[in-house]
Amino acid sequence: MTPFGVLSDRPLGHPPPPRRTLVLASNTLGARLLRRKPVSTLIAESEGREGPPAGAPEEGGRSGIHLRRSIGLWQLSAIGIGATIGTGIFFVLNSAVPSAGPAVILSFVIAAVTAGLTALCYAEMASAIPVSGSSYSYAYATLGEGVAFGVGICLLMEYGVSASAIAVSWAEYLNKFFDLAFGFRIPEVIAGAPDETHWFNLPALLLVAMVCFLLIRGVSESVKVNTAMVAVKILILLLFIGVALTGFHSGNLTPFMPLGIGGVQVAASSIFFSFIGLDAVSTAGEEVKDPRRTLPRAIIISLVVVTVLYILVALAGIGAQPWQKFDGQEAGLAQILQDITGQSWPAILFAIGAIVSIFSITLVVIYGQTRILYSMGRDGMLPKRFAELSPRTGTPVWNTIVVGLGVGVLAAFVPLARLADITSLGTLIAFSVVSIGVIVLRRTQPDLPRGFRVPGYPVVPLASVGFCVYLITGLHADTFMAGGAALVVAVVVYFGYSIKHSKLERAGERADAGSKVG
């Protein structure tokens, strides 16, 4: 195998030409878009073993500092659970239930089945390519640079918008807690995205700032805080399920599908962004101990815990309150507890849990976005400064500050209703690419070591793609306009910067120069 992962047909005993395989047809646009980064190179870079080609000068940004492997199985599982539980429960019910009625329970099942099929594909890819970058890195190794860059932009949009959407809801539960516990509320004008009654969302800005500060301090501290918060949110959701079931009325489930199967599809599509946690697990690939075993296990554990809790909370919530009341309801689950018990303490407790939970989700999602930017910067697809790490903490400080500013602006000034569907689109595209990547990698590198293999191959990856496409078709039209705008940005950035600064492009130029000299 040549340095660029292409099988060589040279006679035995003849030395290989210097890095010629990649660039034989690299002058054509198609070849440059389809060039793939070898898995061996991805792994070598993640372990600090990849240096410049022989005779080439050391490139800027390679200071010998690398992400540190400090995350174990349960901490990684908590990352997946922390990035997933909460986004689809604490506030999305308020928008999903009016779309589907009681049948929103089916919407959660459809979303969970899609996520389950994709999780199996993620588990195989993560065990075969245990690096940061998630589906961006997987696409670079299987589908080529052009697709990888497009996926990277989708991921950045997905993570950035998701973190913003989650941060927006923090003000709701913060206000609910202040109201119940102390009898006052944050002024409306600074507690929501701009509309008739709001100027901007100050609590969302504060949340993003606190999260970025913690991430800059170090990954080890961040995952410990996240693990504790995940334990709190699971206990709070179990409390909700227990109390809500005491007020369960079967009549609230009829008519079960008042808005038809189309409403179920629309709700499932909007809910799906909450399963972003499965992708978040794989962004930690370079900071996980024993990644080939730990990554797939954490993905499966996260999926099982999240799916069970999602369906139970949705069932208990719908049974405890007529579905029409969810529309526009602020801090809905806390309000359900207050209505059932007639007391404020369960709602106060739940509001505290929601505040902690939303902090945890925002922490993990912003963490995932910084690691994708890190991977793209290291590959030369974005300025190398995105790949710079602090010598003291081993974290991408400048990268994290940039992400914090972007997420903070979105959270403070963009309405929540537009954010969730945009995130679902990015998530579904990324999930589809991972599923296709499993098939490609099985065909191109069947002997590559894998800590996990998708059962029922190739049916499971194909079914995963099919379910993702089904959910994509259920998104609102304006979501595709936002996706189209992101695609335009991707094209401009790729052809204006990335295609010329890609490390594979530079390696090809060096190989061409070397061959001419020779």
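Start at 1 with the first residue, then count along the sequence.
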**Q** Which atom pair, heavy atoms only, marks the closest approach of Ser360 to Asn226?
**A** OG-OD1, 2.6 Å
**Q** Using only atom types and a distance under 3.5 Å, with no angle test, would you say the side chain of Trp170 pairs donor to acceptor with the backbone of Ile355?
**A** yes
**Q** Do Thr370 and Asn399 have side-chain N/O donor and acceptor atoms under 3.5 Å apart?
**A** no
**Q** Can you tell me how far the CG atom of Asp290 sits from the CG atom of Leu295, to the nearest 0.5 Å?
**A** 9.0 Å
**Q** Say you draw a straight line from OG of Ser40 to CD of Glu45; how long is it, rounded to the nearest 0.5 Å?
**A** 10.0 Å
**Q** List in chain and number order the residues that pass ring pair (Phe, Tyr, Trp, His ring centres under 6.0 Å) with Tyr367, two or more places apart in sequence or in another chain; answer none if no residue qualifies.
**A** none
**Q** Have a look at Leu504 and tell me which of Arg36, Arg32, Arg35, Met381 forms a side-chain contact (heavy atoms from CB on, under 4.5 Å) with it.
**A** Arg35
**Q** Got a salt bridge between Arg371 and Glu286, using NZ or NE/NH1/NH2 to carboxylate O under 4.0 Å?
**A** no
**Q** So, for Ser107 and Ala267, which heavy atoms are closest and what is the spacing to 0.1 Å?
**A** OG-CB, 3.4 Å
**Q** Considering residues, nucleotides and ligands other than Arg293, do more than 12 of their heavy atoms fall under 6.0 Å from its CZ?
**A** no
**Q** With distance as the sole test, does Glu145 use its side chain to make a donor-acceptor pair with the main-chain N or O of Leu34 at under 3.5 Å?
**A** no
**Q** Is there a donor-acceptor pair closer than 3.5 Å between any side-chain N or O of Ser302 and the backbone N or O of Ser77?
**A** yes
**Q** Quick check against the 3.5 Å criterion: does Ser269 have a side-chain atom that pairs as donor or acceptor with the backbone of Leu471?
**A** yes
**Q** Is any side-chain heavy atom of Thr294 less than 4.5 Å from a side-chain heavy atom of Ile71?
**A** no
**Q** To the nearest 0.5 Å, what is the distance between OG (Ser375) and CG (Leu155)?
**A** 10.0 Å
**Q** Do Tyr138 and Val433 come within less than 4.5 Å of each other through their side chains, counting heavy atoms only?
**A** no
**Q** Would you say the side-chain atoms of Ser282 pair up with the backbone N or O of Ser134, donor to acceptor, closer than 3.5 Å?
**A** no
**Q** Is it the case that the side chain of Thr283 and the backbone of Ala280 share a donor-acceptor pair, with hydrogens and angles ignored and the cut-off at 3.5 Å?
**A** yes
**Q** Applying side chain to side chain donor-acceptor pair (under 3.5 Å) between Asp379 and each of Lys503, Lys37, His501, report the one that passes.
**A** Lys37
**Q** Could you go through residues 215-222 and list every donor-acceptor pair under 3.5 Å that involves a side-chain atom there, pairing it with any protein atom two or more places apart or in another chain?
**A**
residue, atom, partner, partner atom, Å
Ser222, OG, Leu214, O, 3.2
Ser222, OG, Gly218, O, 2.8

**Q** State which residues pass side-chain contact (heavy atoms from CB on, under 4.5 Å) with Met157; sequence neighbours excluded, sorted by chain then number.
**A** Val161, Ile422, Ala486
**Q** Taking ring pair (Phe, Tyr, Trp, His ring centres under 6.0 Å) as the definition, give me every residue that meets it alongside Phe452, ordered by chain and number, with sequence neighbours left out.
**A** none
**Q** Has the side chain of Glu287 got a donor or acceptor atom that lies under 3.5 Å from a matching backbone atom of Ala284?
**A** no
**Q** Checking the side chain of Ser502 only, and the main-chain atoms of Ser498 only, is there a donor and an acceptor separated by less than 3.5 Å?
**A** no
**Q** Atom CH2 of residue position Trp74 - does it have more than 12 heavy atoms of other residues, nucleotides or ligands inside 6.0 Å?
**A** no
**Q** Can you tell me how far CD1 of Ile190 sits from CD of Glu188, rounded to the nearest 0.5 angstrom?
**A** 10.0 Å
**Q** Check for me whether the distance between the ring centres of Tyr136 and Phe149 falls short of 6.0 Å.
**A** no
**Q** Hey, is CZ on Phe178 packed in by over 12 heavy atoms from elsewhere, all under 6.0 Å?
**A** yes
**Q** Among all residues two or more places apart in sequence or in another chain, which pass the ring pair (Phe, Tyr, Trp, His ring centres under 6.0 Å) test with Phe359?
**A** none
**Q** State whether the side chain of Lys233 and the backbone N or O of Met229 hold a donor-acceptor pair below 3.5 Å, judged by distance alone.
**A** no
**Q** List the residues meeting ring pair (Phe, Tyr, Trp, His ring centres under 6.0 Å) with Phe326, not counting sequence neighbours, and say none if there are none.
**A** none
**Q** Considering residues, nucleotides and ligands other than Met481, do more than 12 of their heavy atoms fall under 6.0 Å from its CE?
**A** no
**Q** Would you say Arg450's side chain and Leu448's backbone share a donor-acceptor pair under 3.5 angstrom?
**A** yes
**Q** Determine the sole option in Thr118, Ile372, Val151 for which the side-chain contact (heavy atoms from CB on, under 4.5 Å) test with Ser135 is passed.
**A** Val151
